[in-house]
Visitor: 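For reference, the structure I am asking about is given below.
One-based numbering, in listed order, for ligands and for the atoms of each. Remember, predicted model here, so these are calculated numbers, not experimental data. Just so it is clear, the values below take in all heavy atoms, side chains as well, and ignore hydrogens, waters and symmetry mates.
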Amino acid sequence: MAKIDFKPGNMLYPLPAVLVTVADKQGKPNIFTVAWAGTVCTNPPMVSISVRKERFSHAMLLETGEFVINLTTEKLAYATDYCGVRSGRDVNKCKELGLHLIPGKEVKVPRLSESPVNIECRVTEVKELGSHDMFLAEVVAVSVDDAYMDEKNSFHLEQADPIVYSHGTYYAMGKELGRFGYSVRKKS
Ligand SMILES: Cc1cc2nc3c(=O)[nH]c(=O)nc-3n(C[C@H](O)[C@H](O)[C@H](O)COP(=O)(O)O)c2cc1C
């Protein structure tokens, strides 16, 4: 089998495609889609999102230094795409999509009610990288939809039907292949 060389670019897939909520200083909210998002540290819990300066949301991120990452699901796939191709400059995306925002617990920015996991973030550093500015942030609160908790108080994200984004396409999750450490676990 031969290898074909591509020009260097972003090929790290699949990725989460998340709905990020932001607000301006007056509290006017907006929502937009981000795939350049990542976990960067466990303790303290930290994430990053990379955002182009021309996004309407970019100025809001700078103004408040806060955002909420809202995980997306099969039910939210249409909204995930829509919020990534329409700007809050021109349209009230939540109103158009019938989505509901609820206040953040630790940040002034709202959470998306329809999302199963809301990750509230406070920016610690903005790094200008080129096409994108990276907003490095500490996670200050996490809330999950109680519909996915079991009687043992365990959270089942898989029941929310999360989606991934890979090379321009949204996918539902596939079949389970094994849990963490299964390669070395003794068979009982
Ligand atoms: C799947 C997907 C992923 C995206 N990821 C990013 C991203 O990581 N960073 C970014 O700046 N824009 C990204 N975009 C584009 C913005 O979401 C889009 O320009 C949006 O309209 C910006 O909204 P706003 O102008 O209301 O802020 C993505 C779009 C889609 C559809």
Visitor: Using distance alone, with no hydrogens and no angle criterion, decide if Thr21 and Arg111 have a side-chain donor and acceptor under 3.5 Å apart.
Guide: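 There is no such pair between these side chains.
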Visitor: Does a side-chain heavy-atom distance below 4.5 Å link Pro116 with Thr73?
Guide: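 Pro116 reaches Thr73 side chain to side chain.
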Visitor: Name all residues meeting the side-chain contact (heavy atoms from CB on, under 4.5 Å) criterion together with Pro45; count only those two or more places apart in sequence or in a different chain, and write none if there are none.
Guide: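 Here the qualifying residues are Val139.
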Visitor: Atom 18 (C) of ligand 1: which protein heavy atom is closest, and how many Å away?
Guide: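 The answer is Gly84 O, 3.2 Å.
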Visitor: As an exercise, identify every atom of ligand 1 less than 4.0 angstrom from a heavy atom of Val34.
Guide: 5 (N), 6 (C), 7 (C), 8 (O)
Visitor: ring-ring contact (aromatic ring centres under 6.0 Å, His included), that's the test. Do His58 and Phe135 meet it? Break it down for me.
Guide: CA-CA 10 Å; His58 185 280; Phe135 292 81; 5.4 Å; yes
Visitor: Give the ring-plane orientation class for Tyr148 versus Phe155, where under 30° counts as parallel, over 60° as perpendicular and anything between as tilted.
Guide: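 Geometry flag for Phe155 against Tyr148: perpendicular rings.
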Visitor: Tell me, which protein residue and heavy-atom name are nearest atom 31 (C) of ligand 1, and how many Å apart are they?
Guide: Tyr170 OH, 3.4 Å
Visitor: Looking at Phe56, which atoms of ligand 1 are within less than 4.0 Å of one of its heavy atoms?
Guide: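 In order of number, 24 (P), 25 (O), 26 (O), 27 (O).
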Visitor: I need the nearest protein heavy-atom contact for atom 25 (O) of ligand 1: residue, atom name and distance, please.
Guide: Ser87 OG, 2.7 Å
Visitor: Has Thr33 got a side-chain atom pairing as donor or acceptor with Gly84's backbone, closer than 3.5 angstrom?
Guide: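 Yes, Thr33 side chain to Gly84 backbone: donor-acceptor pair under 3.5 Å.
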Visitor: If only atom types and distance count, is the side chain of Glu74 paired as donor or acceptor with the main-chain N or O of Ile163 below 3.5 Å?
Guide: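 Between the backbone of Ile163 and the side chain of Glu74 there is no qualifying donor-acceptor contact (under 3.5 Å).
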Visitor: Give the atom numbers and elements of ligand 1 that come within less than 4.0 Å of a heavy atom of Trp36.
Guide: 8 (O)
Visitor: Could you tell me which atoms of ligand 1, counted from 1 in the order shown, lie closer than 4.0 angstrom to a heavy atom of Asn30?
Guide: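 That gives atoms 24 (P), 26 (O), 27 (O) of ligand 1.
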Visitor: Tell me whether ligand 1 is touched by Lys93 - counting only heavy atoms on the residue side and a distance under 4.0 Å.
Guide: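 Per 4.0 Å heavy-atom rule, Lys93 contacts ligand 1.
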Visitor: Taking the side chain as every heavy atom from C-beta outward, state whether Ile119 and Leu71 have any pair of such atoms under 4.5 Å apart.
Guide: yes
Visitor: Out of all atoms in ligand 1, which are within 4.0 Å of some heavy atom of Val51? Include the element for each.
Guide: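 Answer, ordered by atom number: 11 (O).
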Visitor: Looking only at protein heavy atoms, identify the closest one to atom 27 (O) of ligand 1 and say how far it is in Å.
Guide: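 The protein heavy atom lying closest is Ser57 OG, 2.6 Å.
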Visitor: Tell me: protein heavy atom nearest atom 9 (N) of ligand 1, and distance?
Guide: Ser50 O, 2.9 Å
Visitor: Which protein non-hydrogen atom lies closest to atom 5 (N) of ligand 1, naming both residue and atom, and how far is it?
Guide: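 Of every protein heavy atom, Ala35 N, 2.9 Å lies nearest to atom 5 (N) of ligand 1.
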Visitor: Hey, looking at atom 19 (O) of ligand 1, which of Lys53, Arg55, His58 has the closest heavy atom?
Guide: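 Looking at heavy atoms only, Arg55 sits closest to atom 19 (O) of ligand 1.
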Visitor: As an exercise, identify every atom of ligand 1 less than 4.0 angstrom from a heavy atom of Arg86.
Guide: 20 (C), 21 (O), 23 (O)
Visitor: Between the side chain of Thr72 and the main-chain N/O of Ala17, is any donor-acceptor distance below 3.5 Å?
Guide: yes
Visitor: Output yes when the distance from some N or O of ligand 1 to some N or O of Gly88 is under 3.5 Å, and no in every other case.
Guide: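 Yes; the residue has a nitrogen or oxygen that sits under 3.5 Å from a nitrogen or oxygen of the ligand.
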Visitor: Just to confirm my output: which protein heavy-atom neighbour is closest to atom 28 (C) of ligand 1, and how far is it?
Guide: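 Checking every protein heavy atom, the shortest distance to atom 28 (C) of ligand 1 gives Thr33 O, 3.4 Å.
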Visitor: Tyr13 vs Trp36 aromatic rings, parallel, tilted or perpendicular, using cut-offs 30° and 60°?
Guide: tilted
Visitor: With sequence neighbours left out, which residue pairs that include part of residues 121-144 fulfil the salt bridge (Lys or Arg N to Asp or Glu O under 4.0 Å) condition?
Guide: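 Passing the test, one end in residues 121-144: Lys53-Glu128, Lys53-Asp133, Glu66-Arg122.
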Visitor: With a 4.0 Å cut-off on heavy atoms, is Cys83 in contact with ligand 1?
Guide: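 Cys83 counts as a contact of ligand 1 under the 4.0 Å cut-off.
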